[in-house]
Amino acid sequence: MKVPFVDLKTQYLQHKEEFDQAIEKVLDSMHFIKGSEVKEFEQAFAHLSGLPHCIAVGNGTDAIYIALKSLDIGPEDEVITVANTWISTGETICQTGATPRFIDIEPDYYNIDPTKIEEKITTRTKAIIAVHLYGQPAALKEIKAICEKHNLFLIEDCAQAHLATYQGKPIGSFGDIATFSFFPSKNIGAFGDAGAILTQNSLLEEKMRRFASHGALKKHDHKFPGINSRMDTLQAAILLVKLRYAKQWREQRRWAAERYYTMLADLPNITLPKAREESEHVYHLFVIRTNERTLLQEHLKEQGIATGIHYPMPLPFLEAFNDQNNLPTDLPVAHLYKDQIVSLPIYPEITEEAIAYVCEKISSFFLQESSLMEEQRSYQDK
Ligand SMILES: *Cc1c(COP(=O)(O)O)cnc(C)c1O
C-alpha cells in the first residue's frame, strides 16, 4: 500500500466536471484579471469565514506583506512573531524594513507562547503576527490582551487554519487583519498561487485593496504607489468550487485526526498533538513527536508512507536571520522540538485503511526498536 503525504488528484477527480466547467467559463470570458469570479469569491469566502471584508490577492505571503504595509510598519519598527512557522511570516516583516522578534513555542500546542511575549516588547514594537500553525488556533485570548495592554496591532496568519474556531468564534476575527493562503496543498487550495486578506475594518480594507493593486481602486486612480498582487480570475473560479465543499473537507480532516488519536493512543514512544480546549483544530497537519524521527521516517518510507517535517529549522536559526544572533537557549522549546517533530499523511480523502496502515507501521517500528534494545541489553549483561 502507498500513502502519499497529500493527495490533490483525488479531490480534483471527485469534482472534475465542476472544476472544468468553471475554468472553461473563465476561458470563454477572457476576463483573466478582475473577472466577476474574483468579486464572487471575495463575498463567498468572507461569508464562509464569518468576517465582513475580503480582498483576494496573489498569494499568502503577499497577504502578510500587504497587511504590514497597510498598518504603516517600516524600518523603525519591530514586529513580534513565532519561531516555528513557514518563512513567509518572518520574511514579510523584513520586506517592510522592520525587524522580526521571534518568540518560543508553547510546549503543548506548538504555537507562539504568550507567556514569553512581553519580555520582547520594546518601544519600537508595533505588531504581533500570531500564526495558527498546523490548523490549531494560537492562544488568542492571551495574545489579544497583550496587544490591548501595549497598544499593538494583531495580524493573524491563518494560512494553515481555514475555518478553525476559537471560543466559538472564527479565527481571523480576533486581530486587526487575517491573512490566508490557498497554496495548492493548504486546507483550501487553488490550482496555483492565491491568497486572501480578511478584516472587520473598512478603512483598512480600502487601503489594502488599493495597495494590492497599484494604489488604485479603478483605472488610473493611483493614490499611492502599491504593488501588483491580485488573485487570478481562474484561481477565483476554482476556489469558488472548493468553497462549496470546504466545511465537509474540514470535518473529514477532523475525522482523520480522531482516527489517528484512537489508533496511536497506546504507543509510549510518541507524543500526540494536543488540541487546545475551546477551539476547533482543523488539522492542516498531524504532527507527532518522537526521539527516533529519522529512523521512523526511513521505516515508513520503506513501507510506502510519505511523511514531512514542519519545519526542520525554526526561523531564528535559519541563515536568513543570522544577523539576529539567536541562541538555542533563547528559544529552548522550538530548538528541542525541531529534531522530534514529524508530520503524518493527512488530507480530506484519506481512508480508514490508509490511516490504519500508517499506524500499524508506526507500531511495528517501535516494537522492532524495543526488541533490538532488549537484545543489546541482554548481550551487555552477559
Ligand atoms: C503557506 C504559508 C504562508 C504563505 O503562503 P503562500 O501562499 O505560499 O505565499 C504563510 N504563512 C504560513 C504559516 C503558511 O503555512
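Ligands are counted one by one from 1 in listed order, and the atoms in each one are counted from 1 as well. Fair warning: this is a prediction, and the values are worked out from it, not measured in the lab.
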For this session: Give yes if a backbone or side-chain nitrogen or oxygen of F182 is under 3.5 Å from a nitrogen or oxygen of ligand 1, and no if not.
Result: no
Seminar exercise, completed: Quick note on ligand 1: atoms under 4.0 Å from a heavy atom of S88 include exactly 3 (C), 4 (C), 10 (C)
Exercise. Side chain or backbone of N59 under 4.0 Å from ligand 1, or both, or neither, by non-hydrogen atoms?
Worked result: both
Seminar exercise, completed: At under 4.0 Å between heavy atoms, what of T61 touches ligand 1? The answer is both
Exercise. Between H150 and E118, is any side-chain donor less than 3.5 angstrom from a side-chain acceptor?
Worked result: yes
Exercise. Regarding Y166 and E156, is there a side-chain donor-to-acceptor distance under 3.5 Å anywhere?
Worked result: no
Exercise. Minimum heavy-atom separation for D113 to E106, with atom names?
Worked result: CA-CG, 3.7 Å
For this session: Give yes or no for whether the N/O distance cutoff of 3.5 Å, strictly under, is met between Q160 and ligand 1.
Result: yes
Problem set entry | Y337: ring pair (Phe, Tyr, Trp, His ring centres under 6.0 Å) partners, not counting sequence neighbours | Y110
Problem set entry | Top protein contact for atom 2 (C) of ligand 1, by heavy-atom distance | K186 NZ, 2.6 Å
For this session: Below 4.0 angstrom from a heavy atom of T85, which ligand 1 atoms are there? Numbered from 1 as shown, please.
Result: 13 (C)
Exercise. Are any of the N or O atoms of W86 closer than 3.5 Å to those of ligand 1?
Worked result: no
Exercise. Any side-chain donor paired with an acceptor under 3.5 Å for D7 and Y12?
Worked result: no
Exercise. Do the side-chain N and O atoms of Q95 and K69 include a donor-acceptor pair separated by under 3.5 angstrom?
Worked result: no
Seminar exercise, completed: Here the atoms of ligand 1 under 4.0 Å from any heavy atom belonging to V131 are 13 (C)
For this session: Report the residues that fulfil ring pair (Phe, Tyr, Trp, His ring centres under 6.0 Å) with F153, sequence neighbours left out, ordered by chain and then residue number.
Result: none
For this session: State whether a side-chain donor-acceptor pair under 3.5 Å links N291 with Q340.
Result: yes
Exercise. For ligand 1, which atoms have a heavy atom of A159 less than 4.0 angstrom away?
Worked result: 2 (C), 3 (C), 10 (C), 11 (N), 12 (C), 14 (C), 15 (O)
For this session: Before signing off on this row, confirm whether D157 and ligand 1 have an N or O atom pair separated by under 3.5 Å.
Result: yes
